[in-house]
Amino acid sequence: MKDFLQDLNPQQREAVCHIEGPLLILAGAGSGKTRVITHRIAYLVHSEGVPGPSILAVTFTNKAAGEMRERVANLIGLSDWRRAPLISTFHSFCVRLLRRDGDPLADLRPGFTRDFTIYDDDDQLALIKQIYRSLGLDDKSLPPRSVLSTISHAKNQKQTPEDFYKKAADPKASRLAVIFEQYEARLRQANALDFDDLLLETVRLLGSDEATRLAYNERFRFLMIDEYQDTNRVQYELMRLLTVSHQNVAVVGDEDQSIYGWRGADIRNILDFERDFPNARVIRLEQNYRSTKNILEAASAVVSHNTQRKGKWLWTEAGGGAPIGVYEGWDAENEALFIAHTIDNLLRDFPEDRVAVLYRTNAQSRQIEEALRRYGRKYLVVGGLSFYQRMEVKDAMAYLKAALSPDDSVSLLRIINTPARGIGKTTVEQVEREAAARGVSFWAALRALLEEGQLSARAQAALSAFVKLIGELHEAASSGMAVHQLLSLILERTGYRQMLESDPSPDSEARLENLNELLNAAADSAERGETLAEFLDHAALVSESDQLDDQAAVSLLTVHNAKGLEFPVVFLAGLEEGLFPHSRSRDSADALEEERRLCYVGMTRAQKRLYLTYARSRRRWGGGAPESSFPSRFLREVPSHLTKRLGMDHTMETVDLFAERHEVRETVKKNLYTGKTFNSIDNIAQYFAERAAQAKSHTAPSAPPPSGPPVSAPAPPPPARAAASQGGLRMGTVIQHPKYGRGTVLRREGDGDDAKLTISFPGYGLKKLVAKYAGLKVDE
DNA sequence: TGATTCTACGGTCTC
DNA sequence: CGTAGAATCA
């Protein structure tokens with residue numbers, strides 16, 4: 001048997017060997033936190049004989065969960081899926097629980113059924129806007145976004161609309177209460193849960209239904225929570241409920257890395273753990289294995305200016321390393337060029353190093369992208385618009401959601417007139433008013449109105465055609481038709497595909513490609529035996545940081561997205577007052593401390609080299625006048641003996657990026673040297689591969705892992721197969737893809753149009769495509 | 001109604 | 001600058 005305690009320091013070993021009872025691991029940055037969690041799981045399974053499925057490990061992102069799953073699999077061996085522990089995000093875990101065992105919730109939440117839909121924040125926003133319309137509110141005085149965050153906060157504090165009514169002192173506050181109440185009512189009407197509800201309702205269910213609670217305590221005898229400092233109060237309660245009968249809970253966190261206060265992360269959860277669990281064991285991991293001494297000292301010096309901390313001092317055996325580079329650009333373009341230039345030089349000397357450029361706000365990425373393009377360096381932007389947020393993809397998903405449950409008013413309204421079918425604003429508003437008056441869903445009101453024949457002839461005709469269409473799709477969805485077939489049917493029957501095909505604008509071509517990619521994903525999902533609901537769940541739960549590709553040489557991402565990651569070289573850009581720390585935190589000491597922690601997180605991502613950059617002037621948006629800015633206070637907090645001021649290198653280009661912006665943009669369109677990829681499809685494929693593997697643990701435990709390598713992982717070319725020679729696209733054929741360009745067919749599964757092809761595209765990696773949808777041409 | 005143009009306004013961070 | 005919603009025209 002493998003010795004899971006080897007290569008661990010005494011504190012890590014102590015944490016790994018702790019078996020029963022509460023455990024708090026205070027793990028500094030780079031102290032081997034993930035290592036401890038994964039080794040502890042392996043140790044429990046192999047040395048303590050704990051069945052894998054009795055262990056639940058919870059993380060915040062799918063990315064972290066996936067990585068952990070992989071590392072655990074490497075430790076305990078992939079061969080036997082029955083022994084796999086459940087490693088999941090909070091939200092996925094709750095969805096899973098509610099889908100499987102959520103029935104008792106119907107007592108607490110009238111109308112709830114297990115096939116609820118999930119509203120993501122675009123859906124939530126749409127819902128708020130619907131409410132505004134029905135109440136005749138304008139969104140000037142109460143911006144929908146801020147209302148949404150107020151509601152979310154309230155829900156996480158377990159406040160109800162009634163609480164709002166009670167304490168409402170002015171008209172604005174009582175209006176807020178009305179909106180809140182309406183919001184909740186409409187969610188229920190649509191049998192929809194928002195992200196907060198996923199957690200909240202799970203907590204309510206476990207709190208009130210003893211049988212379910214006991215069953216889950218029994219099922220998961222060991223609970224582990226990663227990034228514990230970022231849990232909110234509801235997640236905390238979930239933890240308590242899942243461990244009432246055994247208290248076998250190990251949490252790992254670092255108060256210096258708590259950066260989600262704005263979404264309800266409650267630092268008390270970590271500061272009070274010892275009080276809530278008096279018998280808790282506390283272990284500190286203070287040896288850092290990641291960074292050089294200079295980097296570690298600089299980061300520690302910055303964060304030591306905070307008052308709200310338990311206090312610890314990380315140490316390392318590593319040498320000092322390179323000094324920390326500090327660069328002052330005269331404007332943001334110059335800063336970006338410096339970064340690109342330095343990266344270019346570094347990668348020439350150390351081609352193996354991965355580089356990350358971290359920034360406070362997503363908007364900063366553009367200039368850096370443009371500078372990198374000038375140097376012809378490939379990069380990957382993490383964040384920004386994700387695949388599932390694109391208009392056409394959202395539309396298609398809305399059709400799927402509406403087909404699954406027409407009562408989902410947000411989805412129904414999204415697509416009621418897309419493509420245009422003569423149902424205008426006036427008609428929609430009429431139906432909305434009716435729905436509000438009768439207290440029913442939009443769909444119900446629509447059908448009632450049609451039956452009563454109270455509409456104008458024109459509206460009547462348009463709406464009844466629409467009702468017929470949705471009815472038909474609903475029937476198709478209920479018949480258990482495979483997801484990609486249903487989607488295909490939708491695109492044809494609704495005329496959506498036609499609409500795009502007849503649109504001459506260049507985006508519509510890209511949109512069609514995206515829909516084809518979605519079809520591919522759906523086909524994959526169907527092949528794994530997933531239901532429509534499962535497909536939709538996944539789409540709602542994937543997040544932006546899940547796109548991160550470890551192999552990319554240069555990654556651009558926000559500091560928030562960088563949590564939990566490490567890179568040999570890190571640039572922390574835009575260290576200016578008002579940007580980092582962000583202006584929004586100016587008047588709150590707590591918020592400022594959070595900014596400082598964020599800075600600490602950013603700095604400690606670096607292994608070998610760290611650069612801190614800022615600009616003396618920056619334009620807030622495109623055409624506006626440049627505004628002068630001042631170096632961030634965090635820069636002053638870095639001891640000067642650790643830093644080295646860098647100047648312009650004479651080989652650095654001094655072009656005016658702003659002036660040639662137009663040209664650069666044209667280049668992007670031609671896709672000449674951008675390395676930007678939206679590889680969410682890869683993640684979808686990978687996700688489904690993992691899901692399939694997990695599902696097999698219940699049915700056919702000895703089955704081999706899913707065929708075919710996950711597309712995003714670097715994989716050796718699959719072995720040649722005889723079947724691959726039939727049909728037009730055989731192995732080795734060079735083809736042309738509308739988006740990825742020229743590629744080579746490596747593998748083929750199935751025949752004819754339904755064949756699935758694994759194709760290698762230089763610059764994009766391996767893609768798995770369904771021949772029918774991919775739009776491939778044989779390259780002569 | 002639907003398509004097009006115009007204007008105003010915003011800009012952390014996320015499951 | 002980019003987008004969403006308003007205003008305007010067909």
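All of these numbers come straight from a predicted model, not from anything done at the bench.
- In this structure, A:Leu557 places its CG atom 14 Å from C1' of B:dT14, rounding to the nearest Å.
- Computed from coordinates, the A:Asp226 CG to B:dC15 P distance equals 14 Å when rounded to whole Å.
- Residues satisfying the ring pair (Phe, Tyr, Trp, His ring centres under 6.0 Å) criterion with A:Phe116, sequence neighbours excluded, are A:Phe112.
- For A:Asn561, a side-chain nitrogen or oxygen approaches OP1 or OP2 of B:dT14 to under 4.0 Å.
- Between B:dC13 and C:dA4, the two C1' atoms lie 22 Å apart (nearest whole Å).
- Both stacking criteria are satisfied for A:Trp262 over the base of B:dC13: a centre-to-centre distance under 5.5 angstrom and an angle between ring planes under 30 degrees.
- The side chain of A:Lys129 places an N or O atom within less than 4.0 Å of a non-bridging phosphate oxygen (OP1 or OP2) of C:dG5.
- Each side-chain hydrogen bond (donor to acceptor under 3.5 Å, both in side chains) pair with one or both residues in residues 411-422 of chain A, not counting sequence neighbours, appears once here: A:Asp395-A:Arg414, A:Tyr399-A:Arg421, A:Asp408-A:Ser411.
- Nucleic acid contact class of A:Thr427 (heavy atoms, under 4.0 Å, all strands): sugar-phosphate only.
- Considering only residues two or more places apart in sequence or on other chains, A:Glu255 meets the salt bridge (Lys or Arg N to Asp or Glu O under 4.0 Å) condition with none of them.
- In this entry the distance linking CG of A:Leu565 with P of B:dT14 reads 12 Å, nearest Å.
- At a cut-off of 3.5 Å, with distance as the only test, no side-chain donor of A:Tyr228 or A:Asp254 sits close to an acceptor on the other residue.
- Residues that satisfy the ring pair (Phe, Tyr, Trp, His ring centres under 6.0 Å) test with A:Phe90, not counting sequence neighbours, are A:Phe60.
- Between B:dT1 and A:Thr426, a contact under 4.0 Å exists linking OP1 or OP2 to a side-chain N or O.
- A:His582 places its NE2 atom 13 Å from the P atom of B:dT14, with the value rounded to the nearest Å.
- Of the listed nucleotides (B:dT1, C:dG2, B:dT14), B:dT14 has the atom at the smallest distance from the side chain of A:Thr558.
- Distance, A:Leu455 CG to B:dT1 P: 11 Å, rounded to whole Å.
- A:Asn362 places its CG atom 15 Å from the C1' atom of C:dC1, with the value rounded to the nearest Å.
- Of the two residues near DNA chain B, A:His560 and A:Ala459, the one whose nearest nucleotide lies more 5' is A:Ala459.
- Looking at A:Glu627, A:Glu576, A:Glu333 one by one, the single match for salt bridge (charged side-chain N to carboxylate O under 4.0 Å, His left out) with A:Arg618 turns out to be A:Glu576.
- Spacing between atom CZ of A:Arg145 and atom C1' of C:dT3 amounts to 12 Å, rounded to whole angstrom units.
- As judged by a 4.0 angstrom heavy-atom cut-off over every strand, A:Ser585 is placed among residues making no nucleic acid contact.
- Residue A:His91 has its side chain nearest to B:dC15 when only C:dC1, B:dC13, B:dC15 are considered.
- In this structure, A:Arg366 atom CZ and C:dC1 atom C1' are separated by 6 Å, rounded to whole Å.
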When you compare the protein's N or O atoms with those of nucleotides 2-8 of chain B, which come within less than 3.5 Å of each other, and at what distance?
{"residue": "B:dG2", "atom": "OP1", "partner": "A:Gly422", "partner atom": "N", "Å": "2.7"}
{"residue": "B:dG2", "atom": "OP2", "partner": "A:Asn417", "partner atom": "ND2", "Å": "2.9"}

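- Salt bridge A:Asp331/A:Arg616: absent, no basic N to carboxylate O contact under 4.0 Å.
- At the heavy-atom level, A:Phe90 lies nowhere under 4.0 Å from the strands shown.
- Checked against salt bridge (Lys or Arg N to Asp or Glu O under 4.0 Å), A:Arg584 has no partners two or more places apart in sequence or in another chain.
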